[in-house]
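Read through the structure below, which is laid out as structure tokens, and then see the notes.
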Amino acid sequence: KTNGAAGMVSIMFMVFAVIFGLVQKKLNLSGWKEAVVGILCIAASFAVGMNCPLVLDKTAWSYITFVYIFFAAVLPMWLLKQPRDYMTTFMFIGMIAGAVIGLFVAHPTMNLPVFTGFNNEKLGTMFPILFVTVACGAVSGFHSLVSSGTSSKTVENEKDMLKVGYGAMILESLLAVLALCVAGAAAVGTPFQIFSRGVAGFFEMFGVPNYAATVFMTMCVSALALTSLDAVARIARMSFQELFSVDDMAHAEPWRKLLCNTYFSTVLTLVLGYVLTKIGYSNIWPLFGSANQLLSALVLITLCVFLKVTGRSNKMLFPPLIIMLCVTFTALVQRLMAMVRAIQNAAAVTIPAGETTWGAVFVANGLQLIIAVLLIVLGATIVVNSMRSYVASKHNSEAKA
């Protein structure tokens, strides 16, 4: 019932987000009026969802999620994604406030050791995986794409991004600390279950019914995932279109127009994601952190060139650039070697029936191996070309031109 209620709240959240977007567009609300309408839409979503739970299986919810992602990727920002993110912000504020107050009031005991050594039985040496994990929030290449494809469309003044970026960094750091405290106090279940159940318990201390607290936290955790999914789909669609677009699209070839069509490129992007849900996201998940940080390193290289040709200082970018290149390429090479060993070991093992486990292991590791090689080759190519461009570029050449 709780999961069904949270699912129904998610659906109603999308519906009321569209209503909120239309009202905002029509009346041009701002300030406290906009906040009041947003909070009322949140309350309405929870009222409908908690009283009319929709219990479906995993496959059905996957289809519903893909339908939402499709609309979030093709509809204007102001109609669905921006109002939904605005409404989600109030939920996250409530979640963070409840978690902070709950930690101070409950004062749970941390059950996790602070440090167990630089070598880990499951992960091996903590380098580079520790730095890849931390950098996913601190120096994220994905966020560089978000800033150009979505964040830039949700601010009125570019100067506001200083406050938005700094505030997001502070809140994300606070949320990370809260998650560590909750996980250390109740390390049972999956990461999502640990966090949602732990914070829901804090809300119960303040008199919130268990059903309402659990639904609220389940919705908050799912909103974190949905917010990432819709942003990823939209950015992937735009990135795919940029690969084939030309300046004069009106006279472009028919195949190019097809590939750059908003709906076609979105469907193609989502089909790849759907295939991934069938073969298991865990097959390429270990490469996500490395790919993300490789992208951040490439963004830093690009920024170095941009700042140089525009006559500005870029010396502060070199330390994180060098560190991220070393960390990400080390992680990719390690992962590549591990997959090669796994495939070699599988090829040498024969089961009683006389068949080898080669096929099963190759399906699980072959995709990772191919992607890892592509990432290394593409990353090295871009690094070399970027360095050549940096050396060839002249200081303040753009301003002089």
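Both backbone and side-chain heavy atoms feed into the values below; hydrogens, waters and symmetry mates do not.
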Asn51: side-chain hydrogen bond (donor to acceptor under 3.5 Å, both in side chains) partners, not counting sequence neighbours: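 Applying side-chain hydrogen bond (donor to acceptor under 3.5 Å, both in side chains) to Asn51 gives none.
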
Donor-acceptor pairs under 3.5 angstrom involving side-chain atoms of residues 59-70: please list them, not counting sequence neighbours.
{"from": "Trp61", "atom 1": "NE1", "to": "Leu56", "atom 2": "O", "distance (Å)": "3.4"}
{"from": "Ser62", "atom 1": "OG", "to": "Lys58", "atom 2": "O", "distance (Å)": "2.9"}
{"from": "Tyr63", "atom 1": "OH", "to": "Tyr274", "atom 2": "OH", "distance (Å)": "3.4"}
{"from": "Thr65", "atom 1": "OG1", "to": "Trp61", "atom 2": "O", "distance (Å)": "2.8"}
{"from": "Tyr68", "atom 1": "OH", "to": "Arg84", "atom 2": "NE", "distance (Å)": "3.2"}
{"from": "Tyr68", "atom 1": "OH", "to": "Asp230", "atom 2": "OD2", "distance (Å)": "2.5"}

Residues that [X] engages under ring-ring contact (aromatic ring centres under 6.0 Å, His included), provided they are two or more places apart:
| X | value |
| --- | --- |
| Phe142 | none |
| Tyr86 | Phe20, Phe90 |
| Phe127 | Phe131 |
| Phe329 | none |

Return all side-chain donor-acceptor pairs below 3.5 angstrom for residues 98-108, not counting sequence neighbours, or 'none' if the list is empty.
none

Sequence neighbours left out, what pairs pass salt bridge (charged side-chain N to carboxylate O under 4.0 Å, His left out) with at least one residue falling in residues 155-177? none

Pairs in or reaching into residues 243-266: which pass salt bridge (charged side-chain N to carboxylate O under 4.0 Å, His left out), with residues at least two apart or in two chains? Glu253-Arg256

Could you list the donor-acceptor pairs under 3.5 angstrom formed by side chains in residues 32-43, with sequence neighbours left out?
none

Got a sec, which pairs hit ring-ring contact (aromatic ring centres under 6.0 Å, His included) with one end in residues 218-262, sequence neighbours left out?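 Sorted result for residues 218-262: Phe240-Phe244.
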
Under the side chain to side chain contact (heavy atoms under 4.5 Å, CB included) test, residues paired with Tyr390 that sit two or more places apart: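 With sequence neighbours excluded, Tyr390 shows a side chain to side chain contact (heavy atoms under 4.5 Å, CB included) to Cys304, Val305, Lys308, Asn314, Phe318, given in chain and number order.
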
